[in-house]
Amino acid sequence: MKDSLKKLIIESLKDDLEVSELLDLVEVQQSTTKHIKADYFSNIAMKLAKKLNKDPIDIADKIVAKLQSSEGLICEVAQPGYINFLIEESQKNHIIIDILDSEDLLTICKTKKPKKINVEFISANPTGPLHVGHGRGAIYGNIIAKFLQIQGHNVVKEYYVNDFGNQIKKLLESIFLCINDNQYKSDDLYQGDYIKTIATDVEKKFGKNFNKDTKKIKKYVLEKIMRLIQIPLKGLNIVFDNWFYETSLFENNLVINIINKLNESNQTVESEGAIMLKADEPRVLIKSNGEYTYFATDLAYHVQKMKNFDTVINIWGADHHGYTPRIKAGLKILGYDVKNLDIHLIQFANLYRRGKKISMSTRKGDFVELETLRKEIGNDAMNFFYLTKNKDQHLDFDLDVAVKENKNNPVYYIQYAHARIEKILNKIDGLNNYKFNPNALNHQNEKDIISQLNNFNEICKNSIIKLQPHIMANYLHKLAQDFHSYYANVKFLTEKIDYNKIYLVKAVQKVLKCGLDLLNIKAPKEM
RNA sequence: GCGCACGUAGCUCAGUUGGAUAGAGCACGAGCCUUCUAAGCUUGGGGUCGGGGGUUCGAAUCCUCCCGUGCGCGCCA
């Protein structure tokens, strides 16, 4: 609808030599102001006025004069130069048939150039179970991968397992101490209850005095931890295609290869026994004790991804933002186009319980497990809660409210709309014998809903293509709201059923279902 | 101190490339079930969009300064 109006305007301006170069300024927007009687409007006259040094009203009048002949379209000029469009009801109402006939409501999102895309998310260190601090990134990353798949891309969901380096050493040390010294306490080591559980198992299998450095022990413990990590993921239906182990980089000599290449690039310097890369600023690759830094292995990891994929997406907590320039600088030196590396920074979600902020430290064992939260409030509420907010927004999550609202959560509002429609449709034989009359729906509630339905494609573009799930979440809420209002005002199952209304709610249900599916939220048939 | 974000109703958050009179949920006040599910509807109060300045026909949105909050500034990962 919007695009066709845009085309009309461009068409009307094309002959004018003065503006023919300015046609990309043309835009049409949906009218949202209640007191203005218009479906869409354009501000092109005001934009051109400046460039041409003319009165915007005159320009608008000219455009409107040319557009007047279009069928089913009423154009008006308003101060200080808006062009308002009113579309005939029957034309707008046709969206109902479009939706019901459509085999896939999301075809508009399909890309013409499918790419191989790697989406890496969560990637929490394998030193403990996932806690609530990982929830936002988990749900966001999963949905981003899904949106890309819907666009038609070939997506690999990946979890990077940091099974190399100090943290793992400390984990093993913690377990060792837990077995041999019940009273151990150290700010530097891990102390959660899960350590005790694993320690018990380790002791059973390996005895008290095992050698912490053997591969066997490490593998055993790592498997235990990875199993813990997968519990909430299974619960949330988050499935990874690939678990990339940091140690595999060494087994394949990938790190040393990268270091060699960097050395050849003349972008490395030696300083106090360490090798540094001239990245955004000098960054250590090899410590003076000969160990690789996280940066060095991470570069090798990213090179792997850049080689094998057209686009590489990292979903990172916002606390990693300072690391971005470094990794990009490194990849640039290695000859990769960092335009293909897309880093999504997710702001922290603070968690409160009884008005107090909950600290989330795996090491101190002071955290609420993601699985605990999931069980308390349920998948649907959890998905909706995280997906309804912009990733750039810091947000506060009050556990008490979340649990209290379990029965009263906004997500149920949307699901309830879906279930209510289902109940109506169940009592109808079907629509095959009734032809939809596009002129029949004139109730204000009906107009509101139809306007929302006409919006759906635009919402899909903004949400799915631009990877902004919260736009879809908020749209669904608005659509549900319009429906509930309608439902309260209108009786469907009367003696003489108006099947046009049934067409309408059926289309609404189809859109709700589509949207809820998108966000990994169930669309129940009854509640 | 430097860097990256954020600041919208009492609370939690929307606000689509700058558009016309600022939005929702929760909370609070008042109504609505003899009727398709009241997990619902209707209605009221509640705002200097952190503050100043600037750009523009037009700013919550862009620029700048200030204030506030979060995060980051390791030979940690």
Side-chain angles (χ1 to χ4, degrees), chain A residues 27 29-36 38 41-43 46-47 49-50 55-56 78-82 84 125 127 162 164-168 170 246 271-276 280-281 283-295 297-298 317-325 345 347-348 350 385 388-390 392-398 401-402 404-405 407-417 419-428 455 458-459 461-463 466 468 470-471 473-475 477-478 480-481 483-494 497 505 526-527:
Chain A
E27 59 181 82
Q29 294 174 57
Q30 205 200 7
S31 175
T32 48
T33 26
K34 285 172 192 155
H35 64 286
I36 304 288
F41 71 90
S42 178
N43 57 10
M46 291 179 281
K47 284 190 168 177
K50 176 113 192 193
D55 185 352
Q79 288 292 346
Y82 290 104
N84 289 332
N125 278 338
T127 50
N162 301 115
F164 177 86
N166 275 329
Q167 298 309 317
I168 289 288
K170 283 180 183 165
E246 188 178 4
S271 167
E272 295 170 36
I275 307 289
M276 307 180 87
D280 53 328
E281 51 184 273
R283 304 289 185 181
V284 177
L285 290 167
I286 304 178
K287 307 179 203 172
S288 49
N289 66 6
E291 286 177 2
Y292 295 112
T293 57
Y294 177 83
F295 176 48
T297 57
D298 200 33
D319 54 332
H320 286 75
H321 76 264
Y323 184 72
T324 307
L345 297 170
Q347 288 299 327
F348 275 13
N350 290 318
F385 178 81
T388 202
K389 280 106 186 173
N390 189 329
D392 296 327
Q393 183 65 246
H394 306 238
L395 63 89
D396 293 330
F397 195 133
D398 189 329
V401 173
K404 199 172 77 187
E405 281 187 357
K407 273 267 176 203
N408 191 21
N409 196 290
V411 72
Y412 292 95
Y413 184 83
I414 302 170
Q415 293 179 314
Y416 188 43
R420 272 182 152 178
I421 296 172
E422 182 68 24
K423 199 61 169 275
I424 296 167
L425 296 179
N426 268 339
K427 296 187 178 171
I428 303 271
N455 234 347
E458 193 67 18
I459 294 293
K461 282 191 208 164
N462 281 323
S463 182
K466 293 188 182 169
Q468 302 188 97
H470 71 281
I471 288 180
N474 287 304
Y475 170 79
H477 190 271
K478 180 74 180 75
Q481 195 169 46
F483 168 76
H484 282 307
S485 177
Y486 184 42
Y487 184 92
N489 278 331
V490 169
K491 178 110 175 117
F492 299 93
L493 302 173
T494 51
I497 292 172
V505 294
E526 57 180 354
M527 289 176 79

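Just the heavy atoms: all of them, side chains too, but no hydrogens, waters or symmetry mates, feed the values below.
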ask   = Can you tell me how far P of G15(B) sits from CD1 of Ile459(A), to the nearest Å?
value = 10 Å
inquiry  = Measure CG/Asp319(A) against P/C76(B) and give the value in whole Å, please.
reply    = 18 Å
request  = Rounded off to whole Å, could you give me the NZ-to-P distance for the Lys50(A) and G19(B) pair?
outcome  = 17 Å
query = Any side-chain N or O of Tyr413(A) under 4.0 Å from OP1/OP2 of C41(B)?
reply = yes
inquiry  = At less than 4.0 Å, is any side-chain N or O atom of Arg420(A) found next to OP1 or OP2 of A39(B)? Yes or no.
reply    = no
ask   = So what does Leu395(A) touch, heavy atoms closer than 4.0 Å: a base, only the sugar-phosphate, or nothing?
value = sugar-phosphate
query = Phosphate oxygens OP1/OP2 of G19(B): is one of them under 4.0 Å from a side-chain N or O of Lys47(A)?
reply = no
message = For the C1' atoms, the ones on U8(B) and on A14(B), what distance do you get once it is rounded to whole angstrom?
response = 10 Å
Rounded distance in Å - CZ (Phe41(A)) to P (A20(B)) = 7 Å
message = Using whole Å, what does the distance between atom C1' of nucleotide G25(B) and atom CG of Asp398(A) come to?
response = 15 Å
key: By ring-ring contact (aromatic ring centres under 6.0 Å, His included) - contacts of Phe164(A) (at least two apart)   = Phe250(A)
ask   = Phe492(A) and Tyr486(A): aromatic ring centres closer than 6.0 Å?
value = yes
message = Check this one for me: any side-chain N or O of Lys287(A) less than 4.0 Å away from OP1 or OP2 of A77(B)?
response = yes
key: Between C1' of U17(B) and CD of Gln30(A), the distance in whole Å   = 15 Å
inquiry  = So, does Ser485(A) get its side chain near the phosphate of U42(B), meaning an N or O under 4.0 Å from OP1 or OP2?
reply    = yes
remark   = Glu246(A) atom CD is separated from C76(B) atom C1', nearest whole Å, by 12 Å
task = Tell me whether the OP1 or OP2 atom of G25(B) has a side-chain N or O from Gln481(A) closer than 4.0 Å.
result = yes
request  = Check the side chains of Asn455(A) and Gln30(A) for a donor-acceptor pair under 3.5 angstrom, ignoring hydrogens and angles.
outcome  = yes
task = Please work out whether the ring planes of Tyr323(A) and His320(A) are parallel, tilted or perpendicular, with thresholds of 30° and 60°.
result = perpendicular
ask   = Base, sugar-phosphate, or nothing: which does Thr32(A) touch, judged by heavy atoms less than 4.0 Å apart?
value = base
key: Separation of A5(B) C1' from Asn350(A) CG (nearest whole Å)   = 14 Å
ask   = Do the charged groups of Glu422(A) and Arg420(A) touch, with an N to O distance under 4.0 Å?
value = no
